[in-house]
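See below for the structure under consideration.
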Protein chains: 2
Amino acid sequence: MAAPQSGDGTVGKALEVLDQVAAFGRPVRFSELLTGSKYPKATLYRFVQTLTSQGMLSFDPERQTYAPGIRLVRLAHAAWQQSSLAPVARPFIEALSSQVGETVHLAQLDHGQVLYVDKRNAVEPIEMYSQAGKVGPAYCTGVGKAMLAYLDEPALSRVLAQQSFHAFTPNTLNTEQKLRTELGEIRQRGFAYDREEHEPGIICVAVPILTESGRVLGALSVTTSTSRKTLDALEAHVPAAQQAADNIAREAQSWRFPDQTSKPEKIGMA
Amino acid sequence: MAAPQSGDGTVGKALEVLDQVAAFGRPVRFSELLTGSKYPKATLYRFVQTLTSQGMLSFDPERQTYAPGIRLVRLAHAAWQQSSLAPVARPFIEALSSQVGETVHLAQLDHGQVLYVDKRNAVEPIEMYSQAGKVGPAYCTGVGKAMLAYLDEPALSRVLAQQSFHAFTPNTLNTEQKLRTELGEIRQRGFAYDREEHEPGIICVAVPILTESGRVLGALSVTTSTSRKTLDALEAHVPAAQQAADNIAREAQSWRFPDQTSKPEKIGMA
DNA sequence: AACCGAGTTCCGAATAATGGAACTCAATAC
DNA sequence: GTATTGAGTTCCATTATTCGGAACTCGGTT
């Protein structure tokens, strides 16, 4: 009992294979997948066949390689629109970015990792998937820590178990203990710093986006480099960021289901 | 081979459910899914549970609704980068767009539909997933017809069987017969027109992107509105579009497997 | 208190997944 | 010209999962 780590049933296994292909970051041969797969040849083969016939993988017959399929792009369009904060948050992020003159990131938690769902760069024109969909570590980024700080204990320990605690820089909080202490401070302070904990020279302040009931929806950060600003100077933008986060949370809640009798189920205080 | 509509095994069924959720275009309750699902309650329930626990669906506990999950966004990032033409094609598309001063679309075929994987708008700044991931009909768009014209017969008839042939406008080719005739003309001519067949007032010329062996990779179109240009005037841009398509095809072939050589990937997110 | 319907759990029967082994078919070696 | 190798593919009896009808739980309504 208690499945080791992978998920539920056949579907979970198939998706695991899909992740493996995606993790390669390039088209991959069957044999490459096989070495490094927990499944025997025939089984892996069936999974790959199924996924390909479903369009979740694409097969290049000329090079005999597999890659994540375009069906995913179509599905992700729906996911991004509905399940991510991005469509709701975009106007606020743009306003915030131009107000503070720095890059703003919008992120959510996925599988214990930080997933960037939108980005507004102050200087250069916006790019595409190149950032939306990108992932980063949760334990050493501003947005990651801001979200972790507001998880409840069962969820938090689940996520912490998935962190690598690799020390990217001398400032990285590389143990669960150090991180937990920091998370407490973040809760008290209301926002998180990134003091060059992930990349040297990159600093940010980040605030969580929370529902009224305190559930973590995501986080946003104002990012810059040490060559442009100090952390103290960045901190001046925290109120604006918190304002934006509040607006996004409110929009996200009142939105969804324009139909029906929207019940004014207000709890808490005004 | 030739599975009627549903797919292979348990995984296929689960993905079918995923599609159903995505098709709603908004967060959806379990009971809504149930009416309109071919599966009995208990079975559907298990699928939804599995998909949710896998992050392919997200569940909003406050509203008791399901939506496509953010794990899809992460997977799609990989798909877009590897499996789509977009990363390779982008510079050529930008060049083409600014050269001709019109909107350029890049599309691929997915499940018999046109899937737009990139877009370069000549006038306003670029948006995001809002277009990448969007789908359209194959039988009445320029890019769709350009791709269909170069499919081999088995693939073509498979795709044609999936078309609705709904008449969006008076100009829509709304039978397989009419379409097949048109496809022949496209093959002879080398490019496709859209004569307001999908949206009134919208016209385009489209060229296929083909491998040396003639396999269809995708298509690109130069689009405008009847208020700006006539079809004849648009036709002047066909050579430039064909040039771009050739360049993209060549790049796409020689690319793949930069092999070994470590990745000098630029990062920068905090 | 009885009812209702959405959501959830149960469990024996039915079905689909499993994986060792054998096969195909190139490319390379002898 | 034949043997060898290994990636990719198929087979099939065994085994583990999925299936789904029915029963249950739990708010809210009559």
Side-chain angles (χ1 to χ4, degrees), chain A residues 1-21 24 26-54 56-67 213 256-257 259-265 267, chain B residues 1-18 20-21 24 26-54 56-67 213 256-257 259:
Chain A
M1 15 300 315
Q5 36 194 349
S6 70
D8 1 36
T10 315
V11 175
K13 294 176 198 169
L15 293 176
E16 195 185 339
V17 170
L18 184 56
D19 266 344
Q20 258 159 44
V21 175
F24 268 84
R26 61 170 173 83
V28 67
R29 273 209 193 65
F30 176 73
S31 56
E32 296 181 278
L33 270 180
L34 187 56
T35 47
S37 170
K38 49 162 58 151
Y39 302 110
K41 192 158 53 160
T43 304
L44 214 219
Y45 182 71
R46 228 174 338 91
F47 278 135
V48 165
Q49 287 292 92
T50 302
L51 289 168
T52 301
S53 114
Q54 288 293 327
M56 301 296 281
L57 287 180
S58 73
F59 179 68
D60 182 336
E62 279 161 37
R63 292 186 169 63
Q64 300 228 129
T65 56
Y66 297 90
S213 59
R256 309 275 151 115
F257 288 90
D259 57 20
Q260 305 287 48
T261 40
S262 53
K263 35 179 55 179
E265 129 190 277
I267 327 174
Chain B
M1 23 194 72
Q5 30 197 349
S6 68
D8 2 34
T10 314
V11 175
K13 295 175 197 168
L15 293 176
E16 195 184 340
V17 171
L18 183 57
Q20 258 158 43
V21 175
F24 268 84
R26 61 171 171 83
V28 67
R29 271 208 244 300
F30 176 73
S31 56
E32 295 182 279
L33 270 181
L34 187 56
T35 48
S37 171
K38 51 164 52 152
Y39 301 110
K41 193 157 52 159
T43 304
L44 215 218
Y45 183 71
R46 224 172 343 90
F47 277 135
V48 165
Q49 287 292 95
T50 303
L51 288 169
T52 302
S53 115
Q54 288 293 326
M56 301 297 279
L57 288 179
S58 73
F59 180 67
D60 182 336
E62 280 161 35
R63 293 188 168 62
Q64 301 229 129
T65 57
Y66 297 89
S213 60
R256 304 281 151 110
F257 290 90
D259 227 23

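By convention in this document, chain letters (A, B, ...) are assigned in the order of the sequence lines, proteins followed by strands, and residues within each chain are numbered from 1.
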For this session: May I have the distance from B/R63 (atom CZ) to C/dG7 (atom P), rounded to whole angstrom?
Result: 15 Å
Problem set entry | Which atom of A/L51 lies closest to which atom of A/L18, heavy atoms considered | CD1-N, 4.1 Å
For this session: May I ask you to test the A/P27-A/R63 pair for a side-chain heavy-atom distance under 4.5 Å?
Result: no
Exercise. Do B/Y45 and B/L34 come close enough that some side-chain heavy atom pair is under 4.5 Å?
Worked result: no
Problem set entry | Gap between atoms CG and P, on B/D60 and C/dG7 respectively (whole Å) | 13 Å
Problem set entry | Nearest-angstrom distance from the residue atom CG of B/L33 to P of C/dT8 | 13 Å
Problem set entry | Whole-Å gap separating C1' (D/dC19) and CD (B/E16) | 15 Å
For this session: Would you mind reading off the distance between B/L34 atom CG and C/dG7 atom C1', rounded to a whole angstrom?
Result: 10 Å
Exercise. Hey, does the side chain of B/Y45 come within less than 4.0 Å of C/dG7's phosphate (OP1/OP2), counting only N and O?
Worked result: no
For this session: Locate the shortest heavy-atom distance separating B/Y66 from B/V21; write the atom from each residue and the value.
Result: O-CG1, 4.1 Å
Seminar exercise, completed: Nearest heavy-atom contact between A/R29 and A/E32 is N-OE1, 2.7 Å
For this session: With the side chain counted from C-beta on, respond yes when A/Y39 and A/V17 share a heavy-atom pair under 4.5 Å apart, and no when they do not.
Result: yes
Exercise. Taking atom P of D/dG8 as reference, at what distance in whole Å does atom CD of A/E62 sit?
Worked result: 16 Å
Protein-nucleotides 17-21 of chain C N/O pairs closer than 3.5 Å?
| from | atom 1 | to | atom 2 | distance (Å) |
| --- | --- | --- | --- | --- |
| C/dA17 | OP1 | B/T10 | N | 3.1 |
| C/dA17 | OP1 | B/T10 | OG1 | 3.3 |
| C/dT18 | OP1 | A/K13 | NZ | 3.3 |
| C/dT18 | OP2 | A/R46 | NH1 | 2.9 |
| C/dT18 | OP2 | A/R46 | NH2 | 3.4 |
| C/dG19 | OP2 | A/T43 | OG1 | 3.0 |

Exercise. Touch check for A/Q64, heavy atoms < 4.0 angstrom, all strands: base, sugar-phosphate only, or nothing?
Worked result: sugar-phosphate
For this session: State whether B/S31 places a side-chain N or O below 4.0 Å from either non-bridging phosphate oxygen (OP1 or OP2) of C/dG5.
Result: no
For this session: Find the distance A/L44:CG to D/dA7:C1' and express it as a whole number of Å.
Result: 13 Å
For this session: Return the minimal non-hydrogen interatomic distance between B/F47 and B/K13, and the atom names on each side.
Result: CZ-CB, 3.6 Å
Exercise. Roughly, in whole Å, what's the span from CD in B/E32 to P in C/dA6?
Worked result: 11 Å
